[in-house]
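Scope of the values below: all heavy atoms of this structure, side chains included, with no hydrogens, waters or symmetry mates. Both counts, for ligands and for their atoms, begin at 1 and track the order of listing.
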Amino acid sequence: MEKLIITAAISGAEVLKEHNPAIPYTIEEIGREAESAYKAGASIIHLHVREDDGTPTQSKERFAAAIAEIRRRCPDVIIQPSTGGAVGMTDEERLQPTELNPEMATLDCGTCNFGGDDIFVNTENTIINFAGVMVDRGIKPECEVFDKGMIDMALRLHKKGIIPGPLHFNMVMGVNGGISGTPRDLIFMVESIPSDATFTVCGIGRAEFPMITLSILLGGHVRVGFEDNVYIEKGVLAASNGELVAKAVRIAKELGREIASPAETRRILGIKQ
Ligand code: KMH
Ligand code: ZN
């Protein structure tokens, strides 16, 4: 089996200091959380940025400042900005971090409910537009799939030459509006992608550690972090993203999977150095 790629989703757009006081808002806090995850074993930082008061933003300038701070602390880590942003943002807002030519970015592959009245909108034309921008700029897309139909959308657009291969997926398990975070459903998702595709898995809330454990067993990769879950165990808030990554590393080691460095991650995902 390949070494294990660990992605840390350090901030997200929706989770707040009210949920966990360690959620990073400022550039300094984002740098601190990225460094804690990197030192614990993460080779990819999935990045959202905020204003200092916690408001989500896709501002190019804010991303540039956060990326510079992360680079200063973690020179070789792969930085993967979100093009999902927050529910309700326009496509133009969401695409701003691609102007910084990151090595990777997320490509959300469908529309879904996102709790309450929220809808995370990704029409087929949005996906085609975002994929085109990423191809033009040499950005490796990570196809975010919140349900099985989104895998089918990615495969259709790949077949038409719109999303370049080899495909790389993030199976997002347990969003309120997407597929549930159960072993049966994760196996269904994994069996639905081509054999030359790579995949990582994240689980929302209490699904985080069961879902990443199953991914490790299935030969997939893992994502943990405050964006998905703020607890290190039942009722105990995680002190940092690094603590969540360290738990993923412990599980992987118990199961015999070694951890990929950033250079090994670039090779596994076909990202040019
Ligand atoms: N914040 C969610 C609405 C991504 O990063 O591409 C979308 C999201 C997905 O987090
Ligand atoms: Zn995200």
Side-chain angles (χ1 to χ4, degrees), residues 6-16 19 23-25 30 33-34 37 42 44-51 54-59 62-63 66-67 70 78-98 100 102-123 126-127 129-131 133-134 139-147 150-151 153-154 163 167-179 181 199-205 207-208 211 221-230 241 244:
I6 302 179
T7 299
I10 59 172
S11 53
E14 288 84 17
V15 69
L16 299 169
H19 304 117
I23 305 297
Y25 295 167
I30 285 174
E33 283 306 307
I44 301 177
I45 303 295
H46 170 64
L47 187 63
H48 290 253
V49 294
R50 314 286 188 95
E51 304 294 354
T55 307
T57 173
Q58 289 288 102
S59 148
R62 192 73 171 174
F63 265 101
I67 289 169
I70 295 171
I78 298 164
I79 301 173
Q80 178 201 79
S82 170
T83 67
V87 166
M89 289 178 172
T90 65
D91 289 3
E92 291 67 33
E93 271 179 285
R94 287 169 51 185
L95 276 170
Q96 288 180 80
T98 61
L100 301 167
E103 291 178 276
M104 288 185 91
T106 55
L107 176 62
D108 294 280
C109 289
T111 295
C112 63
N113 283 335
F114 226 72
D117 288 328
D118 287 344
I119 306 172
F120 182 36
V121 178
N122 295 283
T123 66
T126 291
I127 303 163
N129 178 25
F130 280 35
V133 168
M134 291 186 206
I139 301 167
K140 168 93 182 175
E142 178 179 273
C143 297
E144 307 296 303
V145 288
F146 297 73
D147 223 328
M150 299 192 195
I151 293 179
M153 171 68 83
I163 304 179
L167 292 169
H168 176 60
F169 291 91
N170 178 27
M171 318 288 189
V172 185
M173 308 300 293
V175 164
N176 181 11
I179 198 162
F199 69 96
T200 191
V201 172
C202 66
I204 305 304
E208 178 162 87
M211 288 294 97
H221 303 283
V222 303
R223 171 175 125 172
V224 293
F226 286 153
E227 176 165 345
D228 306 326
N229 165 48
V230 296
N241 279 280
L244 295 167

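- The only member of Thr126, Asn122, Thr83 that meets side chain to side chain donor-acceptor pair (under 3.5 Å) when paired with Arg94 is Asn122.
- Distances from the Zn ion (ligand 2) to the N/O/S atoms of Glu227 are shortest for OE2.
- At a cut-off of 2.8 Å, Glu144 does not coordinate the Zn ion (ligand 2) through any N, O or S atom.
- Among protein heavy atoms, atom 7 (C) of ligand 1 sits closest to Phe120 CZ, 3.5 Å.
- Set against the non-hydrogen atoms of Asp108, the atoms of ligand 1 under 4.0 Å away are 4 (C), 6 (O), 9 (C).
- Note on His46: its N/O/S atom closest to the Zn ion (ligand 2) is NE2.
- Evaluated by nearest non-hydrogen atom to atom 8 (C) of ligand 1, the leading choice among His48, Glu144, Glu14 is His48.
- Val224 pairs in a side chain to side chain contact (heavy atoms under 4.5 Å, CB included) with only one of the listed residues (Val201, Leu244, Ile10), which is Leu244.
- In summary, the atoms of ligand 1 found under 4.0 Å from a heavy atom of Ser82, numbered by their order in the structure, are 4 (C), 5 (O), 6 (O).
- Within ligand 1, counting atoms from 1 as listed, the ones closer than 4.0 Å to a heavy atom of Gly84 are 4 (C), 6 (O).
- With contacts defined as side-chain heavy-atom distances shorter than 4.5 Å, the pair Thr7/His221 does not qualify.
- The shortest distance between side-chain heavy atoms of Glu142 and His46 does not fall below 4.5 Å.
- Against a heavy-atom cut-off of under 4.0 Å, His46 is close to the following atoms of ligand 1: 5 (O).
- Within His48, the N/O/S atom positioned nearest the Zn ion (ligand 2) carries the name NE2.
- Side-chain atoms of Glu33 come within 3.5 Å of backbone N or O of Asn241 as a donor-acceptor pair.
- Between Thr106 and ligand 1, a contact under 3.5 Å exists for at least one N or O pair.
- At a 4.0 Å cut-off, at least one heavy atom of Gly85 sits close enough to ligand 1 to count as contact.
- Proximity to Phe114 (heavy-atom distance under 4.0 Å) selects the following atoms of ligand 1: 2 (C), 3 (C).
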